[in-house]
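To find a chain, count down the sequence lines: A is the first, B the second, and so on, and within it residues start at 1. Bear in mind the structure is a predicted one, so any value in this text is a computation, not a measurement.
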Amino acid sequence: MARTLRLRDGPPQGPHGCRHRPGPLFRIRLRVRHRTPLDDRRRGSGPPVLHGKRRPLPAQPELSDLTPMDYRDTVLLPRTSFPMRAELPKREPLLLERWRRENLYEQILRARSAGPRFILHDGPPFANGDAHLGHALNKTLKDLVLKSRNMMGFFAPYIPGWDCHGLPIETKVVKESFVRVPGSLIPIKELPSGEFLEAKVELPGGAPIPKGEVHAGEEGIKADDKGFQYERHGPLYIRRKCAEYAQRYVEIQREQFERLGIFGDWEHPYRTMDPAYEAEVLLLFADLVEKGLVFEGLRPVFWSIGCRTALAEAEVEYQPQIDPAIDVEFPLLPESCREVGISEDARLLIWTTTPWTLPANLAVALNPELPYGLYSARGRHLLVAEARAHAIPGLENAPCVRHFPRGEELLGLRYRHPLLPRTGLVYGASFVTGESGTGFVHIAPGHGMEDYLLGQEHGLPPLSPVDDEGRFTEECGLPELVGLSVREEGNPKIIELLESAGFLWAKRDYEHDYPHCWRSKTPIIFRSVRQWFIDVKAFQQEALRAIEEVEWLPARARNRIRGAVESRRDWCVSRQRYWGIPLPVFYRPDGSAVLEPEAIRKLAREVAKEGTDLWYATDEEALARKLGLPAGLRKGADTLDVWIDSGSSHAAVLRPRGEFPADLYLEGSDQHRGWFQSSLLLSVARSGQAPYRTVLTNGFVMDLDGRKLSKMAGARGLPEFISQFGADIVRLWVASEDYRDDVPFSQEILSRISDTYRLLRNSFRILLANLHDFDPSRNRVSEEDFPELERYMADRLRILVRTVVEAYRRYEFPAACHALTRFCSTELSAFYIDVLKDRLYCDAADGTARRASQTLLHRMAESLFRLAAPILPFTAEEAWEALGKKASVHLELFPEEAAPKSDPPFAERWTRILELRALSNEALEVSRRAKEIGKALEAEVEVQTPHFDSADEELLAEVFLVSRVRVRRGESPAVRVRPASGRQCARCWKYSEEVGKTDPAHPALCPRCTGVVQANRSRS
RNA sequence: GGGCCUGUAGCUCAGUUGGUUAGAGCAUGCGCUUGAUAAGCGCAGGGUCACUGGUUCGAGCCCAGUCAGGCCCA
């Protein structure tokens, strides 16, 4: 089917050329060849049945006047091998293959090696899962930046990276490692010791496997009571599986990114699990240790029960959840009541949505500034904030029996714990507000950050009677709770205990957003455990200063990062997992820690050779010796937070390549709290300097309703969209969106983008097609000899080049897209090309005006294809090749940004011409509706204007696309249309009185066409 | 609940320091062409500038609030 379309394309291209195929093609060709203006003439004059809407044409010649000659063969119609249909999904992989074969990326770098450097440092995506539209957006934006910078003459390398360590991968690996056992799937089992058991199928004829208990530290195969056999694995096994998993996804994503047409050193990406990378992370960590920025502390951290590890802020996500919200009465000691002069049965009322933290309660906080009151209800006397009384169930209408204008007066009251035999004090805290709860906040320093800080202030320990599994320990003091899971079992039990003890005032369900583990999706708890921290406060001010020296785009991003750094707490960097860089600490027998910068550096040197498996593979004795540490130490089991890994990339990637600091980081806006911050903090902590000069952010991909695109839809999207539409369409979508805000995506948008793509492609095509007989080395006309139309359009081109290059420079890709599309549709297609058709098709091949037009068309093609190359790398390359270029368009520089020629009278003249053209089009449309004319050539136009005279008639007719223009001097511009007089030239279809008067052999031709045909004939 | 943002035709975007009837491309409709033809050309319709108030001679733009959406945080 598609082959018929190539009929008018250039000569056959290889074995698929159409001329080898007879049959239907031939028939169509015949029909086309015989359709001449004659046919139209007959149709035009035929009965209404054939062409009823049209009135007979004016100046109808007699049939006998016509020659049978087919002038169509003497017309220079457009021809090109550049097909109208893109078939991107088929064509793009071929170009990728060619680029790979020619090592295009290296060629580009070599070509720019002398240029100024532009370093965009890639933020590493997790090597986990398929690439989705979010990735496509970010990676394509990076590529737009780099391709355009490259074409501005910069040396702009791209080293893609992947984040390989961490929970996301470790949990996936554990979850996915199923083993098929007859009749069921048995997952890898994690033991409390943190080691793993993998179920095995017994091999036929295999040696019998001993039954028995599996003991910690023991490798080997055992069978359990039910006959399943397990293989015991240590950390090295899990780490190997994780590395394989990560590598698999590095390759999958690499292929998907490459398919998008993104240029980079795909053969040598950086991976955070590379030994050299790991070594640099350890060296950076050693520097922080040396500066005293790393400490061990017992304090509340986000604890994921599902993943049995501490989490960083960035690993926590908030999801709606229903919790029991309870108001609990805390009885005051009688002596306290006497002190403030209230009845001795008075109680404080506290409100909490985490009843399970009550066993760890050590204090109560109030706001010293707020007024409080003692209310009487249900036979009780309760203290609450006055602002809250009306909102507390059962207190809505309770009389206030005693006012305390300032909470201050209640500081130091002592209460009895409602469930435990201990007492606590009331402290002041500014974080208590009158906007929720009761105005009294129960304080458990082991279970909340604010609580912890208040506890520090008053010497309260971070009591945290909860174990790694999220179950109460004996420390909680309530035997009936020990072993219960805090949320599922502990909450109801505690409510029950409170109720039976008579301290539960009210209870209801409460829906709120609650932090969840980003991996296991389970609710996290705040729990105090011994963890390692980076003392962010120590360099927070320096970090804030560094922020001011960085350019943030858009500018509002500065607020975001500032807010993130200002509210930053100490960074919990230890993780109780295997898949990561080991936290290089040793412990003495008494439990004290040994964290030695020099030992860490020695470790780094070893790791650079062998990778961090070394830490796990070497026994403690030997490892300590190797690192120059005394004997008798136990090595730590924690790994470093993955945000340390990725946040160290400036040290591991930029520094060794001499590219620190980077010119640009470009990531999604969520990275203000993520990678932008972790990178900044680590860089400032080490060297006092931000790792980037400019930070550019992109928003998120949103679906039609402006809602967040579901991960599923997005993940399904990318490879599917590329294989359906092609990478250039996806890229055009990215380039035409204002990425600084959220980026909408929908079926309609994609369909509009495809329209735009077709428009650009057809514009490229018509440029190429009209250059089929143009050889720039022989046929070029210099600009001084241009007709004025060409001089005008040459300026339009210069303006376009400046606009687009400037848009690229400012990373404003939608502006570049719009300028390109507007130029192609409005200036090229609807104006210049349309006007040029007569000249290009009908003038003598070597006519000066024709060659001048082609000179400009050629320059336009060279400019447009290069300007479009960053956005449409495949299509631009294809067009560039069709223009006869041997080397890749991506090796080119942008066209020179010459200033438009400043000639105000000339510019004004053309503004007037275009205004008159618009008037003429309007008038032509009226005649067309009145069925007086069809196409514009059937008309002649009378123009009344003060600005032009009869010398301009030819130019105006050309620009209006009509057969003739008559100018009449007159004040107000006006246009009148009438059917053209004279006869229609059979070759150029223009009407003129001169048709047939030049050469009796060509009675149907105008003088121009006669001349051309005569010249052709005498040449052949 | 808090911080930082966004909201202009069906879609994607312009809209200068506040200043005439708010623009472009695409899409839509109606024509034309059949020598760019799974194309091309012309004309037309389409906007309460999210909403409500305010400042001003004058507001898409400045201020306050409301609604919707996003990211981050609690």
Notebook entry, point to check: List RNA chain B stems (3 or more consecutive Watson-Crick/G-U pairs, under 3.5 Å)?
Noted result: B:1-7 with B:67-73, B:10-13 with B:23-26, B:28-32 with B:40-44, B:50-54 with B:62-66

Notebook entry, point to check: Touch check for I766(A), heavy atoms < 4.0 angstrom, all strands: base, sugar-phosphate only, or nothing?
Noted result: base

Item checked: Pairwise 5' ranking along RNA chain B for D838(A) and R560(A), keeping only the more 5' one -> D838(A)

Next item on the list: Between rC4(B), rC43(B), rA38(B), spot the one nearest the side chain of R556(A), thanks.
Entry: rC4(B)

Note to self: Over all strands shown, is A769(A) touching base, sugar-phosphate only, or nothing at heavy-atom distances under 4.0 angstrom?
What the structure shows: nothing

Atom pairs under 3.5 Å, N or O on each side, protein against nucleotides 25-28 of chain B: can you list them with distances?
residue, atom, partner, partner atom, Å
rG25(B), O3', S825(A), OG, 3.3
rA27(B), O4', R752(A), NE, 3.4

Next item on the list: Have a look at P744(A) and say if it touches a base, only the backbone sugar-phosphate, or nothing, with a 4.0 Å heavy-atom cut-off.
Entry: sugar-phosphate

Margin query: From CD of E827(A) over to P of rA24(B), roughly how many Å is that when rounded to an integer?
Written below: 14 Å

Checklist line | Distance, P atom - from rG60(B) to rG18(B), rounded to whole angstrom | finding: 13 Å

Notebook entry, point to check: Which part of the nucleic acid, if any, lies within reach of N762(A) when heavy atoms closer than 4.0 Å are counted: base, sugar-phosphate only, or nothing?
Noted result: base

Item checked: Donor-acceptor pair (no angle test) under 3.5 Å: R673(A) side chain, rC71(B) base -> no

Margin query: Rounding to an integer number of angstrom, what distance separates rU48(B) and rG23(B) when you compare their P atoms?
Written below: 15 Å

Check: Quantified in whole Å, what is the P atom distance between nucleotide rA50(B) and nucleotide rA44(B)?
Finding: 27 Å

Checklist line | Positive for side-chain hydrogen bond (donor to acceptor under 3.5 Å, both in side chains) with Y757(A), one of T875(A), T821(A), N762(A), D728(A) | finding: T875(A)

Notebook entry, point to check: Can you find a side chain N or O atom of N921(A) that sits less than 4.0 Å from OP1 or OP2 on rC41(B)?
Noted result: no

Margin query: Among rG40(B), rC43(B), rC71(B), which nucleotide has an atom closest to any side-chain atom of E922(A)?
Written below: rC43(B)

Next item on the list: Would you indicate what C817(A) reaches in the nucleic acid, counting non-hydrogen atoms under 4.0 angstrom: base, sugar-phosphate, or nothing?
Entry: nothing

Checklist line | Any K935(A) side-chain nitrogen or oxygen under 4.0 Å from OP1 or OP2 of rU34(B) | finding: yes

